[in-house]
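Notes for the one structure printed next.
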Amino acid sequence: MLVIETVDEMRAWRGTVSGRVALVPTMGALHAGHLSHLAVGRASADAVTVSIFVNPTQFGPTEDFQRYPRPLEADLAACASAGAAAVFVPGDGEMYPARAPAVEMTVPSVAAGLEGAARPGHFAGVCRVVLKLLNIVQPDAVTFGQKDYQQLCVVRAMIADLMLPTEVLEVPTTREAGGLAMSSRNRYLGEREREQALSLIAALRRAEGMAAEGETDPAAIESAMAAVMQGRGVAVDYAAVRAAGTLLEMERVTSSRAVALVAGRLSTETGEVRLLDNRPLG
Ligand code: AMP
């Protein structure tokens, strides 16, 4: 497995691969969810490359960019055993040379609410780094996780709009035994906070149960989800029911097209941890 730090070396490696290439973009601190992307990539391509880059432009000034975990040795070992052909680990200066950006990113409307509202500028940063990575690696396919459902929708919209020749491979969410969605940020959680974090999946299950029993009022489902999270001391950023794909608000929940999405914050000894999750209804 090659470990590549520069754009030039990555382009050179890409030129040596004759078959299909899949890219798995990550911010590292890899867990089983990320490794499932490698499996999806390997099933669809001849060579898989993983990028590990904690992208500064997608973090707000008060967010956890500095303390985001960076266990590079363990990540490289995980990539090697999961069959990556190359890992791209550029430094900040390689991805963002010290000059003002020549182009501002204006993100699609699907980026407007939810994460976009809670994290101003986040999706512009995501689109900027994903577009750079796609231009550097020129993969035939790229994986994105349903875990970050709005990100998946935003990236799909960007790729379609800019007519990029890259197939998006959608990867289901990998969960821990109790249902907690795996996240690099879970490593900040102690036992008590893990219990609190389980309220996200509990809220989504509640939404699914209500929809299955015939509840069609999104507001009723949303307030029930928020109550589940608040009941365990989680500060709710949003608990929403939206149309799948567009993330538009719905007047009535029709289960075949709806998705429930939650985000919340809980305090730990080392600071606040923000978690998100989602689940289709029906
Ligand atoms: P991140 O390193 O958090 O930026 O995530 C990199 C990719 O892995 C993104 O496409 C995420 O949606 C995806 N991902 C994160 N957590 C999970 C999970 N539990 N299961 C599947 N994919 C995930």
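This one's a predicted model, so the numbers in the text were calculated from it and none came from an experiment. Start at 1 with the first residue, then count along the sequence. Numbering of ligands and ligand atoms starts at 1, following listing order.
- Under the salt bridge (charged side-chain N to carboxylate O under 4.0 Å, His left out) criterion, the residue pairs touching residues 155-179 are Arg20-Glu167, Arg156-Glu170, Arg175-Asp277, Glu176-Arg194, with sequence neighbours excluded.
- The pair Asp64-Arg274 does not count as a salt bridge, with every side-chain nitrogen at least 4.0 angstrom from each carboxylate oxygen.
- Without hydrogens or angle criteria, Asn186 side chain to Ala181 main chain gives a donor-acceptor distance under 3.5 Å.
- Using a 4.0 Å cut-off between a side-chain N of Lys or Arg and a carboxylate O of Asp or Glu, Arg14 and Asp8 do not qualify as a salt bridge.
- When each atom of ligand 1 is checked for a heavy atom of Met182 under 4.0 Å away, the hits are 16 (N), 17 (C), 18 (C), 19 (N).
- Looking only at heavy atoms of the protein, atom 1 (P) of ligand 1 is closest to His34 NE2, 3.7 Å.
- Using a 4.0 Å cut-off to heavy atoms of Phe144, the atoms of ligand 1 that qualify are 10 (O).
- The atoms of ligand 1 that sit less than 4.0 Å from any heavy atom of Thr26 are 2 (O), 6 (C).
- Among all protein heavy atoms, the one lying closest to atom 20 (N) of ligand 1 is Thr174 N, 2.8 Å.
- Residue contact check: Pro25 has heavy atoms under 4.0 Å from atoms 6 (C), 7 (C) of ligand 1.
- No side-chain donor-acceptor contact under 3.5 Å links Glu94 to the backbone of Gly91.
- Within ligand 1, the atoms closer than 4.0 Å to a non-hydrogen atom of Thr173 are 19 (N), 20 (N), 21 (C), numbered from 1 in the order shown.
- Of the candidates His37, Met27, Arg175, it is His37 that places a heavy atom closest to atom 14 (N) of ligand 1.
- Regarding atom 11 (C) of ligand 1, its nearest protein heavy-atom neighbour is Asp148 OD2, 3.0 Å.
- Taking every heavy atom of Pro172 and a limit of under 4.0 angstrom, the matching atoms of ligand 1 come to 20 (N), 21 (C).
- Separating the CD atom in Gln151 from the SG atom in Cys127 is a distance of 9.0 Å, to the nearest 0.5 Å.
- In this structure, Arg67 satisfies the cation-pi test against Tyr188, with its NZ or CZ atom closer than 6.0 Å to the six-membered ring centre and inside 45 degrees of the ring normal.
- Nearest to atom 10 (O) of ligand 1 among the protein's heavy atoms is Gly145 N, 2.9 Å.
- A donor-acceptor distance shorter than 3.5 angstrom exists from the side chain of Ser184 to the backbone of Ala29, with no hydrogens or angles considered.
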